Amino acid sequence: MTAGSASVGRFSGEHVVVVGAGVAGAAAAQVLLAEGASVTVSEARPLADLPSAGTLVEAGVVVLAGGHDPSHLAGATLVVTGPGVPEQAPILAWARAEGIQVWGEMELGARICAVPYIAVTGTNGKTTVTGMIAACLQAAGTDAVACGNIGHPFPSAAQEDHQALVVECSSFQLRLQESLHPRVSVLLNLAPDHLDWHGSFDAYAGAKASIYRNQSEDDVHVGNRDDPAARAVSDRAPCPVIWTTEHEPRAGEVGIVDGQVVSRAFGQDEVLANLTGDRAGWPADLAAAATAALAFGVPAEAVRGGLASFTPASHRGETVATVAGVRFIDNSKATNVHAALAAIGSVERAVLIAGGRAKGADLTPLRDVADHLSAVFVIGEAAPQLMQVFAGVVPIAEATSIEEAVRSAFDAARSAGDVVLLAPACASWDQFTDYAERGDRFARAARTLAEVSADGRS
């Protein structure tokens, strides 16, 4: 693998309108400016609410805030939209009506990227697996970074001087791209999510499937044999598929044998990771990451080292406090039912804190793990739905804030000897900036209980 970088001046003479000034939109604007384009950003929020506005204006970007308007498209030769902008947004419709091409920021990254990359998608586990794969590449001595939906935008990483990239791809990002061509693609799992945005599960699955659209016989797709919906999508990949499983792998697969991740896909059997401690909850993630790294050409020894050294990001099942014997587990990143089911299933008994914005999802499957729950406290817009889900099945109550939920859950857990688990099964946008703020406030509330307990006031 050789280092490479984007060709500066690729967009010279173009006037590009970037829709949205969030992290991805602001990054796209900076990249386009560096590539020689003149850039205008159109943003629905007021200028005062845009942390990136000052930096963009100073760099030479025109920022038009406070609402989209057809006049923002004057002279545009291309529109690039951030992943948070709905495909049906009026400004995108205006652009198409004027014959202006519309790209997502993932398409921009694919157009300028000059190094090989691995692309990872799925309903859950994307960030963890993306980070694991990057750790494996780095352990092999490759200058590789995790990017995309992980917080470091793909176009920015593509413009930097790296040898390889590992790109986390959301369904929003995949929907508006045509040029993505990973050397290795990964579909981790597939469950209903973001149906309010995509309109149907079929449309959501179709967006995920576009991760392998441009792959060929020289590339590899990594699929999950245990997930029927994901397996059906991976079966249609136009390139060789290597399957992973949480069970004993068949010949040509990677799976789990006696608490170890074992590869039977690349010659002789190789033990790649041990499912001990925190890693006991990651069998599918570890198998997928190991498979993708091996398929990319990373030696087994480096895969073992990378997986052993990897530390997960916050809000993915970490214990944030222990008070009077009650553990508080922050899984705020469980923003859909599929993720919440996995989080609840990983503990023997818990008091659950759940709720938020359901995104059009059916929450009734949560009832299937009620035997793991001694009580449930619900917050946010989905509270009425969750009250119906658990009514008559497990004690349930509504809290007006996450701090109130933490206090009530602690009282319930202390008498039952359970853990308190934040696994919302919903997005955070009704009450919080994002899932990180939700998790941070959960952790602060738990630690406040610890301080009160230490002072002898409880």
Side-chain angles (χ1 to χ4, degrees), residues 1-7 23-24 27 31 105-122 125-170 173-174 177 179-188 211-212 214-215 218-222 239 242 244 254 261 263 265-266 270 272-273 279 282 285-313 316:
M1 290 176 279
T2 57
S5 60
S7 299
V23 172
V31 166
E105 49 91 30
M106 188 66 62
E107 176 70 7
L108 174 62
R111 295 272 182 146
I112 69 173
C113 190
V115 298
Y117 53 92
I118 299 170
V120 180
T121 197
K126 297 184 294 295
T127 299
T128 297
V129 171
T130 298
M132 286 178 174
I133 298 170
C136 292
L137 269 64
Q138 292 161 4
T142 301
D143 177 6
V145 296
C147 63
N149 197 50
I150 204 167
H152 182 29
F154 182 28
S156 299
Q159 202 174 56
E160 297 161 359
D161 191 17
H162 300 292
Q163 293 177 301
L165 303 177
V166 188
V167 189
E168 178 186 329
C169 305
S170 73
Q173 293 169 316
L174 289 170
Q177 65 80 24
S179 303
L180 196 74
H181 188 168
R183 178 176 293 179
V184 179
S185 65
V186 183
L187 176 58
L188 298 172
I211 196 167
Y212 57 53
N214 298 314
Q215 289 190 281
D218 295 329
D219 305 311
V220 174
H221 176 72
V222 177
C239 57
I242 300 176
T244 66
V254 176
V261 178
S263 170
F266 302 91
E270 291 275 5
L272 301 169
R279 282 160 174 73
W282 302 340
D285 292 346
L286 287 162
T291 307
L294 290 170
F296 195 73
V298 176
E301 182 178 355
V303 172
R304 283 191 287 270
L307 295 179
S309 67
F310 173 75
T311 301
R316 290 166 172 81

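All values derive from a computational prediction rather than experimental measurement.
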message = If you apply the rule side chain to side chain contact (heavy atoms under 4.5 Å, CB included), what do you find for T127 with R316, and how did you get there?
response = CA-CA 10 Å; T127 299; R316 290 166 172 81; 3.3 Å; yes
task = Would you check if the side chain of E107 reaches a backbone N or O of S179 as a donor-acceptor pair within less than 3.5 Å?
result = yes
key: Side chain to side chain, L108 and F154, heavy atoms closer than 4.5 Å   = no
key: Side chain E105, main chain Q173, donor-acceptor under 3.5 Å   = no
request  = Give a yes or no on whether the backbone of A144 and the side-chain of Q138 come within a donor-acceptor separation of less than 3.5 Å.
outcome  = yes
ask   = Is a side-chain N or O of T121 found less than 3.5 angstrom from the main chain of C169, in a donor-acceptor match?
value = yes
inquiry  = Name the residue from V129, T244, V120, L188 that meets the side-chain contact (heavy atoms from CB on, under 4.5 Å) definition with V222.
reply    = T244
task = Output the distance between atom CD1 (I133) and atom CZ (F296), rounded to the nearest 0.5 Å.
result = 10.0 Å
ask   = Judged by atom type as modelled, is there a donor-acceptor pair below 3.5 Å linking the side chain of N214 to the main-chain atoms of L180?
value = yes
task = Enter the distance from H152:NE2 to L165:CG here, rounded to the nearest 0.5 Å.
result = 8.0 Å
Under 3.5 Å: donor-acceptor pair, side chain of Y212, backbone of V220 = no
task = Tell me, with the steps shown, if I118 and L137 meet side chain to side chain contact (heavy atoms under 4.5 Å, CB included).
result = CA-CA 11 Å; I118 299 170; L137 269 64; 4.3 Å; yes
message = Checking E168 against N149: is there a side-chain donor and acceptor pair closer than 3.5 Å?
response = yes
Close side-chain approach of P153 and V23, heavy atoms under 4.5 Å = yes
